[in-house]
Amino acid sequence: MPNQKVFFRVSLASTDKITGDMLLKREPIRRFDDVKDEDNSVELIRLSGDYRQQCCFNVIECLRRIITKYPNVTPNDVGVILVGKGKTIYEISDMLAVMIPREIQWPVNKAYESRNPSKEGELFLSNTNHVKGLEFPFVICATSMLSNSFNHRNALYMAITRSFLKTFFLIKEEPWSDTLNRVEHGLETINQEGVIRVTPPPIEDQERIRANVKWQGGLRTLDEIILEALTALDAPPTKIDKYLNAMKMILEPGASVDEIEKLAKNLIKGY
């Protein structure tokens, strides 16, 4: 990889006097001396069709693009992070562990199995359980769903921000097309203006949001257990939030995993 240069960054915030938007900005980080400023730090890639096949195909294509643009890149410079629960991400991981050595000639470290950092010359492949504190020049992050759950959003944030050059964000398009259009518009604003534009909600909504964050924060562990149960049962992605909210209203404090899984099965059958 190119010679590294590290600069400090400063977070800034101001207000657009015409639109009233809050403008969130940070000074750009120059980590390498031959990386152009116009390179987009996040690229959104929409997946249609069979998620498993398309995810694997696009991971391979992203790796080829990285190698083409940076011929001296090494396997240790790339992290592939799969966000989600259930058997799907493990099936994709198994497929990639075969495809990457065959197509790219890079060995793969499935970190959720090895529970160790990658050795010299190995590509890092894992779910979000083993990425905290790690950093890569390039990250390929994939998920099949978007959710208002704090746990899922935090997992996405942690995965996407593991890169300091570029993240390729692979996401199943349906049924998230409208949301992805807004995300893409936000990315274009960042790339063109160098800021995130945020429209502040009304005061009464701000109070409601603060209360909801406080309430959700206290149930973080329960949220995680519920989401894991729902995903393992292949609950429809469009109904995940509905099931999650219903289960949190029904379950007693300290409910066991068996009780959570039983309720999840009954809800999925009943809706």
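Throughout, residue positions are numbered sequentially from 1 according to the sequence presented.
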Ignoring hydrogens and angles, tell me if any N or O in the side chain of Asn109 forms a donor-acceptor pair with the backbone of Asn116 under 3.5 Å.
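Such a contact is found between Asn109 side chain and Asn116 backbone.
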
Donor-acceptor pair, side chain of Thr167 and main chain of Phe169, under 3.5 angstrom
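Judged by distance alone, no pair lies under 3.5 Å.
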
Listed once per pair and sorted, the ring-ring contact (aromatic ring centres under 6.0 Å, His included) pairs that draw on residues 74-101, sequence neighbours left out:
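As it turns out, the ring-ring contact (aromatic ring centres under 6.0 Å, His included) pairs with a partner in residues 74-101, which skip direct neighbours, are Tyr90-Tyr112.
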
Rounded to the nearest 0.5 Å, how far apart are [atom1] of [X] and [atom2] of [Y]?
X	Y	atom1	atom2	answer
Asp77	Tyr70	CG	OH	11.0 Å
Arg46	Glu174	CZ	CD	9.5 Å
Glu188	Leu44	CD	CG	10.0 Å
Ile89	Ser126	CD1	OG	8.0 Å
Ile140	Ile160	CD1	CD1	13.5 Å
Leu170	Glu43	CG	CD	9.0 Å

Check: [Y] and [X] side chains under 4.5 Å, non-hydrogen atoms:
X	Y	result
Leu146	Leu180	yes
Ser163	Phe168	no
Lys166	Arg65	yes

Check: Ser118/Asn76 side-chain N/O donor and acceptor closer than 3.5 Å
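No donor-acceptor contact under 3.5 Å links the two side chains.
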
Hey, which of Asp16, Asp21, Thr19 is the one that makes side-chain hydrogen bond (donor to acceptor under 3.5 Å, both in side chains) with Thr199?
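Output: one option passes, namely Asp21.
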
Using a cut-off of 6.0 Å, state whether more than 12 heavy atoms not belonging to Gln105 lie near its atom CD.
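More than 12 within 6.0 Å, yes.
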
CZ of Arg102: more than 12 outside heavy atoms within 6.0 angstrom?
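Atom CZ in Arg102 is crowded, with more than 12 foreign heavy atoms closer than 6.0 Å.
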
Evaluation steps, side chain to side chain contact (heavy atoms under 4.5 Å, CB included), between Arg197 and Leu23
CA-CA 5 Å; Arg197 286 185 170 270; Leu23 307 180; 3.6 Å; yes

List the atom of [X], the atom of [Y], and the distance in Å for their closest heavy-atom pair.
X	Y	value
Leu125	Ala97	CD2-N, 4.4 Å
Gly121	Pro107	O-CG, 3.0 Å
Ile171	Ser144	CD1-C, 4.2 Å
Leu123	Trp106	CD1-CE3, 3.7 Å
Cys141	Val83	SG-CG2, 3.8 Å
Pro237	Met145	CB-CB, 4.5 Å

Which one of Asp94, Ile92, Val98 satisfies the side-chain contact (heavy atoms from CB on, under 4.5 Å) criterion with Leu96?
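The option that passes is Ile92.
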
Testing Ile260, Asn245, Leu263 one by one against Ile226 for a side-chain contact (heavy atoms from CB on, under 4.5 Å), which residue passes?
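Of the listed residues Ile260, Asn245, Leu263, the side-chain contact (heavy atoms from CB on, under 4.5 Å) partner of Ile226 is Ile260.
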
Distance-only donor-acceptor hits, side chain of residues 54-64, under 3.5 Å, sequence neighbours excluded:
unit_1, atom_1, unit_2, atom_2, d
Asn58, ND2, Gln54, O, 2.8
Glu61, OE2, Arg64, NH1, 2.8
Arg64, NH2, Glu103, OE1, 2.9

Hydrophobic clusters here meaning ILVMFWY residues chained together by side-chain heavy-atom distances under 4.5 Å, can you tell me if Ile250 and Ile225 are in one?
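As far as the 4.5 Å side-chain criterion goes, Ile225 and Ile250 are connected within one cluster.
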
One pair to check against side chain to side chain contact (heavy atoms under 4.5 Å, CB included): Asn181 and His185. What are the steps and the verdict?
CA-CA 6 Å; Asn181 289 339; His185 177 72; over 6 Å; no

List the residues meeting ring pair (Phe, Tyr, Trp, His ring centres under 6.0 Å) with Phe136, not counting sequence neighbours, and say none if there are none.
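By the ring pair (Phe, Tyr, Trp, His ring centres under 6.0 Å) rule, Phe136 matches Phe124.
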
Stepwise, does the side chain to side chain contact (heavy atoms under 4.5 Å, CB included) test hold for Val183 with Trp176?
CA-CA 10 Å; Val183 171; Trp176 320 109; over 6 Å; no

Under the criterion side chain to side chain contact (heavy atoms under 4.5 Å, CB included), I'd like the reasoning laid out for Ile268 against Leu230: C-alpha separation, chi angles, the key distance, then a yes or no.
CA-CA 8 Å; Ile268 292 172; Leu230 291 171; 4.2 Å; yes

